Amino acid sequence: MRSPKRKTCVFCGALLDNKSRSNEHVIPVWLLKHLNIEDQTVSPCHISVSKGDIVSMREHTIDELVEGRVCFACNNGWMSALETRSQPMLIELMNSHRRLNDLTSDQHIQLARWACKTAWLLNSSSNFIHNVPQEHLRHIYINKDTIPSGVIVIAQQHSATRPFYWLQSSTWPAEIGDDLTQADVEKLSMSAYKIGLQLGDLMLLVAFWPHDGWYYSLQINLHIPIWPSHGMCGWHSGTNWHEHKSDEAFFGFLTELMIITEGQLKQCNELWG
C-alpha cells in the first residue's frame with residue numbers, strides 16, 4: 001500500500017503536521033476589518049470558458065477563505081513582516097489618500113510582493129484552476145526583493161462603490177490572424193494566469209504569460225505597471241474607460257490585459273522608471 005502524501009507548506013516546502021500547520025487567511029484579518037467584510041458571504045464560481053458551464057461553486061464568508069498549507073514559520077515570519085510593512089501604504093491607497101504615482105521604488109516592490117502573495121494564496125485555496133507554478137511561491141519565500149521573472153503586477157485607483165472583489169481568469173485577448181487562432185491562444189493560456197483584486201479604491205492585477213516571443217500590451221493611462229522595474233511591452237490607446245463609473249466595468253477593463261506577438265509589437269517602452 002502507498003503511504004498518504006504528506007502535506008507541505010506552499011511557500012517553503014516544510015512538512016506540515018498539527019504543530020507546524022497554520023490556517024492563513026487569504027485576505028488578512030486586519031484588511032477584513034478595515035473593509036468591514038468579515039461576515040460578507042461570497043459564492044466563488046468556476047465557469048468553463050469554452051463551454052460556459054459551471055464547473056464548481058462554493059458559498060462561505062470571506063473570513064472563512066483560508067489556506068491550510070502554510071507553516072507557522074512562514075506565517076509568523078516573512079509573511080507577518082510583509083503585512084506589517086505594507087499595511088499603512090495599502091490603507092492610504094485603498095482610501096485614495098495617496099496616489100500610485102507617488103510610490104517610491106522600494107514601495108513598488110513591496111506592493112508587488114504583497115499583491116503576489118495574496119493573489120497566489122487566493123489561487124491555491126480556491127475552486128479554480130491551480131495554475132500558479134510552485135516555483136513562483138517558492139521564489140517569493142527565498143527572494144526578499146524580487147518577484148519571479150515574467151510576472152507583471154499592474155494597479156489603478158477608482159472611486160469604489162463596493163469594498164471588495166476578486167477575479168481569476170484564463171482569458172487572454174489577442175490579435176487573431178492567419179498565423180494565430182483562438183484555439184492556439186486558449187491552449188497556451190492553460191499555463192498562464194491572471195488574478196485581480198479590488199480593495200476599496202485600489203485595484204491590482206497579477207499576471208503571468210510564460211511563453212517566449214510575446215509581450216504584454218498595456219492601455220495608456222489605465223494600466224499603471226508596479227513591477228518589474230524595467231522591461232519591454234507594447235502600449236495601446238484602447239477603450240475610453242473614463243466614461244465607465246461602475247466598479248464592475250472599470251475592474252473588467254483593468255483585468256482585460258492583452259498579449260501580442262513580437263510581429264504585432266508596434267511600440268516598446270520601459271515598464272517603469
Side-chain angles (χ1 to χ4, degrees), residues 9-12 22-35 37-38 40 42 44 60-71 74-95 100 103 107-141 143-148 151-157 160 162-169 193-208 224-227 251 254-255 257:
C9 176
V10 295
F11 290 107
C12 71
S22 67
N23 282 325
E24 170 68 8
H25 282 84
V26 172
I27 308 301
V29 173
W30 72 263
L31 184 51
L32 294 173
K33 293 180 178 178
H34 179 80
L35 296 174
I37 57 173
E38 307 104 297
Q40 181 176 318
V42 292
H60 52 75
T61 57
I62 296 180
D63 66 350
E64 293 176 317
L65 185 60
V66 297
E67 172 55 85
R69 294 170 298 165
V70 176
C71 70
C74 282
N75 192 7
N76 297 319
W78 69 270
M79 295 174 70
S80 177
L82 179 60
E83 289 295 336
T84 301
R85 292 195 307 271
S86 303
Q87 182 175 347
M89 172 184 60
L90 287 165
I91 289 175
E92 288 186 323
L93 293 172
M94 289 187 295
N95 295 340
L100 288 161
L103 297 181
Q107 289 172 325
H108 271 252
I109 181 57
Q110 184 177 316
L111 178 58
R113 285 174 56 79
W114 186 90
C116 286
K117 181 271 300 180
T118 306
W120 296 341
L121 281 176
L122 177 63
N123 179 258
S124 67
S125 63
S126 69
N127 57 327
F128 192 70
I129 305 167
H130 295 164
N131 50 359
V132 176
Q134 181 61 44
E135 55 264 27
H136 284 191
L137 290 92
R138 183 71 173 171
H139 179 105
I140 203 172
Y141 162 71
N143 301 277
K144 306 305 180 185
D145 57 357
T146 65
I147 61 176
V151 175
I152 188 171
V153 179
I154 297 167
Q156 185 54 271
Q157 288 166 297
R162 62 186 178 192
F164 173 77
Y165 191 73
W166 84 77
L167 176 146
Q168 298 189 77
S169 174
Y193 62 79
K194 271 195 287 190
I195 306 170
L197 294 166
Q198 181 204 338
L199 310 167
D201 290 353
L202 177 64
M203 296 188 178
L204 296 164
L205 175 64
V206 179
F208 177 62
I224 298 178
I226 300 300
W227 191 264
F251 193 66
L254 183 75
T255 55
L257 179 64

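Here the structure is a predicted model, which means the values were calculated and not measured.
Shown here is Lys33, whose NZ atom has no more than 12 heavy atoms of other residues, nucleotides or ligands within 6.0 Å.
Between the CG atom of Leu35 and the CD1 atom of Ile27 there is a distance of 8.5 Å, given to the nearest 0.5 Å. How far CE of Met94 is from CE of Met89: 10.0 Å, rounded to the nearest 0.5 Å. Of the inter-residue distances, the one linking Leu82 atom CG with Ile140 atom CD1 reads 7.0 Å to the nearest 0.5 angstrom. Atom NE2 in His34 sits 9.5 Å away from atom CG in Leu199 (nearest 0.5 Å).
His108 pairs with exactly one of Leu100, Val153, Ile226 by the side chain to side chain contact (heavy atoms under 4.5 Å, CB included) rule, that one being Ile226. Each of Thr118, Val26, Ile195 was checked for a side chain to side chain contact (heavy atoms under 4.5 Å, CB included) with Asn123, and the lone residue meeting it is Ile195.
Annotation: side-chain contact (heavy atoms from CB on, under 4.5 Å) contacts of Pro148 (sequence neighbours excluded): Trp120, His136, His139, Val151. Glu67 meets the salt bridge (charged side-chain N to carboxylate O under 4.0 Å, His left out) test with Arg69; sequence neighbours excluded. Residues passing the salt bridge (charged side-chain N to carboxylate O under 4.0 Å, His left out) test with Glu38, sequence neighbours excluded: none.
Smallest separation of non-hydrogen atoms from Asn143 and Arg113: O-NH1, 2.5 Å. Considering all non-hydrogen atoms of both residues, Leu121 and Phe11 come closest at CD2-CE1, 3.7 Å.
You'll find the side chain of Asp201 stays beyond 4.5 Å of the side chain of Asn95, heavy atoms only.
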